[in-house]
Novice: 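So that we are looking at the same thing, I have put the structure below in structure tokens.
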Amino acid sequence: MPEITQEYIALRDQYIESKFTRLNPVQRQAVFTTEGPLLILAGAGSGKTTVLVNRIANIIRFGSAHGSKELPRTVTQQDLEDLRATVQSGRDLPRETAYLAVRPARPWNVLAITFTNKAAGELKERLRAMLGETMGGDVNASTFHSACVRILRRDAERIGFPKSFTIYDSDDQQRVLKQIYKDKMIDDKFLPIKSAVSQISSYKDKLMSPEDVAAETPRDTKAALISKIYTTYAGRLKTAGAMDFDDLIYHTVRLLQTDAEAREYYQNKFRYVVVDEYQDTSIAQFHLVRLLAGGTNNVCVVGDDDQSIYKFRGATIENILNFEQVFTGAKTIRLEQNYRSTSNILNAANSVIKNNTGRKGKTLWTEKGDGDKVHHYTAASEQDEASHIADVIGEHLREGAHLRDHAVLYRMNAQSNPIETYFARAGIPYRIVGGQRFFDRKEVKDINSYLAVIVNPRDDVRLRRIINEPARKIGASTVDKVGELAARQGVPMLQIIADVRQYPELTRAAASLEKFYEMYRELCDLSVTIPLDEFAGEVIKKTGYEAMLKAQKEEGETRLENLGQLVSSVKTYADQNGEDATLSGFLEEVALISDLDSYDQDADSVTMMTIHSAKGLEFPYVFVVGMEDGIFPGDMARYNEEDMEEERRLCYVAITRAKKELYLSTSRSRLIFGQTRRNLPSCFLSEIDPGLMEETQSPELAYSAGGFGAGYGTYSTSVPGGRSGYSGVSRGYLNSEYNARPRGGFGAGYSSGFASGGHDSPHYNGGRHTVQSAGFGAGYGSRTNHHSGAPAAPAGAGTSTLAGMQNATPKKQAVQYAAGDLVEHRVFGRGKVLKATPIAGDCIVEIQFDRVGVKKTMANYAPLKKITEAE
DNA sequence: AGATGGTGTTTTTTT
DNA sequence: AACACCATCT
């Protein structure tokens, strides 16, 4: 090789490297490994997305140039000098691609697959930021499902589906199965629909067709029945021209397996395939990846076996564990430097996860300092647990932190209630992530079903859903008759309805059916003549849905608001897609999108969510509540080692969300599923090196001496003596009557009123405001009454941050507030009362706080104290 | 067709 | 405890 070429190549590497200087050496190695199978084991907080984005950018800008001896053209002395000058100046070389790239990919040659729309969106956004609007925007970054939809929209006809197939969500799926159960007179107690659903799903995951299943000798009568159901189910979806979520993957894999032409098309198109969160992939998804990447074998998967927490929905951790065996010649790169957490937090996570067998093994490290120890608090009750969190948040606010820096994580949604209740009473703004999604709400799904039937007249499932919603005198028996006739003739139900007069058995309902059909036709006409969003509005009106909701009271109002939001989301869709906007396009987007308004990060409130939903997120201060055996790890996992390992991974995920401080808490007693339980501290706590933890406990527990505290191993057997002042309680905290007593008068006995009043609200309106107003109206009066007979609680022994201040204790004689009073709130600090409105024996106080602005709280329930009277 | 009462259930979630 | 679902009644 001529000397000039050698020097040019060396300079080229230097030039390329200079474009990725912000990465650490391991990350850079991942970026420059472009060819062949690559497994990137990315620990929590190790800059995974950054690596992904940079790697794709490298592939598009330079191809496989880095570390290669190949050149795109013969090098001249002038080229060498140009490059040398550019490297020295630190600028970009003009016509970079022609001069030094080696087989760079065009943006559309890259396929990046994620699990959620959010992740896909983030990836796209960062690619755009890095590569520019056009280049970045042209990279295929999508979810497994939407990637499959795109493939199927092009090629579905090759497997006997219309290109315009409908997507059924789990609700539609259930409806189909319910219908099948009814038709075949299957007892859902013998075989719950849920098990049929999961069995069918698992067949599809294993890529077994109904015929494949039928060909096997059934294990028992149940298996034989499931096989029949599966066959019928698949047949019905095909007739309806519909696919469920699993079908999207299943049919795509089948297509690629059986149709060489289609397979080659996509294999040529996608020269580079990247898969995010690979530890969460299922068997079918694995096959999809392997087929798509089968042309070049340039497949890069990124994941963390320690964060595999979705086994219950089909994820198989073996995909990532066996990657190197399945993709021969695979390279593995471990990203172990953590940029997120302090070393105490990280070591706590490491010490927990090392108890798992079945893992690749990886030890995260950080350059950050030790930071605080991991805090572990033992609470007396779930209310006490909530109040402790509020205390700590208050401290942080005083130190200048924001509410949005805090997250409360729990194992299951049922745990959020007591914390919500406490926060709402104390006036702490919070927001719940997860729960019911916008597009899952009944009214939204109903209107979408109208739209779906207009797009696809064969969609009987959606037709059944809306034919008598609102009520228009088409009862269940009529619908069944229509269904039977349709089945007998092998035509869609709508066809029967169009020709009602031909069927004597339908004479009784003929008038209503005709009216319905007329309305349907009218809507079909409208759908092609007026703008989409306007049309959606018309559907709501002309179907009588609006009138129905207006006839209801408050509930109808909320629902109408939701429909208003639906119309505006149609508008957003129409605006974004311009000429290309179609009704079916909108429905598809809806079918594959989770929550429309991904929560805005700027809102200053505490975030509450399950640990599962927290994966991928980070917060300076994290509270993990319910660290108890039976809760976390849950009961279901206790006797199964594999499930225990998954719970442990979940614990690892929880711990690694924290950047600055981590607060774990355990409650000695907890009301859950209608029963007060006393759980042992979570076994995961004892897996954390005690040197990394700092133990505190509720002042309420201070009396129950002996055996508690640090050594939880012993507490199950130790029985403390009676507590002074409570004669007759000989078994201490094991006595449930004693323990059920609400601390500070706050809890068990009367939390229900509030909860029932406010429960739905956070989901519906996304914030505490509704919670509060709902609470005021519905719950308060009765709660106060409940309480009036309860004994006053003993004063806390005083680890409370503001000594002497009540723990949100209802006072028997309500303290009167008036505008101008100076008050002190345990969480928000000092403030001045702006307004006081008496209500149901209590008082809504509006306070201007020095630090956190204006808040409303209930005087008798908030941790509030009057300092000075107004003059 | 709508109200009512009784029953059963209740990890985690995306698409 | 809370809610969804179903069957039965009015």
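Nothing here was measured: the structure is a model prediction, and the numbers come from that model. Convention: sequence-line order gives letters A, B, ...; per-chain numbering from 1.
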Novice: Measuring to OP1 and OP2 of B:dT15, would you say a side-chain N or O of A:Ser146 lies under 4.0 angstrom away?
Specialist: no
Novice: Side chain of A:Lys194: nearest nucleotide among B:dT10, B:dT13, B:dT15?
Specialist: B:dT10
Novice: With the side chain of A:Tyr310 defined as its heavy atoms from C-beta on, choose the nearest nucleotide among B:dT13, B:dT15, B:dT10.
Specialist: B:dT13
Novice: If the cut-off is 4.0 Å, is A:Asn413 near the phosphate of B:dT11, judged by side-chain N/O to OP1 or OP2?
Specialist: no
Novice: May I ask you to say what A:Met636 touches in the nucleic acid, namely base, sugar-phosphate or nothing, with a heavy-atom cut-off under 4.0 Å?
Specialist: base
Novice: Of all the nucleotides listed (B:dT15, B:dT13, B:dG2), which has the minimum atom distance to the side chain of A:Ala471?
Specialist: B:dG2
Novice: Nearest 0.5 Å, what's the CZ-CG distance between A:Arg150 and A:Leu248?
Specialist: 13.0 Å
Novice: Rounded to whole angstrom units, what separation is found between the CD1 atom of A:Ile113 and the P atom of B:dT15?
Specialist: 15 Å
Novice: Without swapping roles, check the side chain of A:Tyr181 against the backbone of A:Leu191 for a donor-acceptor pair under 3.5 Å.
Specialist: yes
Novice: So which one's nearest nucleotide on DNA chain B is more toward 5', A:Lys473 or A:Arg313?
Specialist: A:Lys473
Novice: Counting only side-chain nitrogens and oxygens, does A:Ser613 get under 4.0 Å of the OP1 or OP2 atom of B:dT13?
Specialist: yes
Novice: Do A:Ser416 and A:Glu420 have side-chain N/O donor and acceptor atoms under 3.5 Å apart?
Specialist: yes
Novice: Could you check A:Ser202, A:Ser282, A:Ser170, A:Ser201 and say which one makes a side-chain hydrogen bond (donor to acceptor under 3.5 Å, both in side chains) with A:Asp246?
Specialist: A:Ser201
Novice: Pick base, sugar-phosphate or nothing for A:Asp280, based on heavy-atom distances below 4.0 Å to the nucleic acid.
Specialist: nothing
Novice: A:Asn468 side chain: which of B:dA1, C:dC6, C:dA1 is closest?
Specialist: B:dA1
Novice: Could you work out which one of B:dT13, B:dT11, B:dA1 sits closest to the side chain of A:Phe312?
Specialist: B:dT13
Novice: Between B:dT14 atom C1' and A:Ile249 atom CD1, what is the distance in whole Å?
Specialist: 11 Å
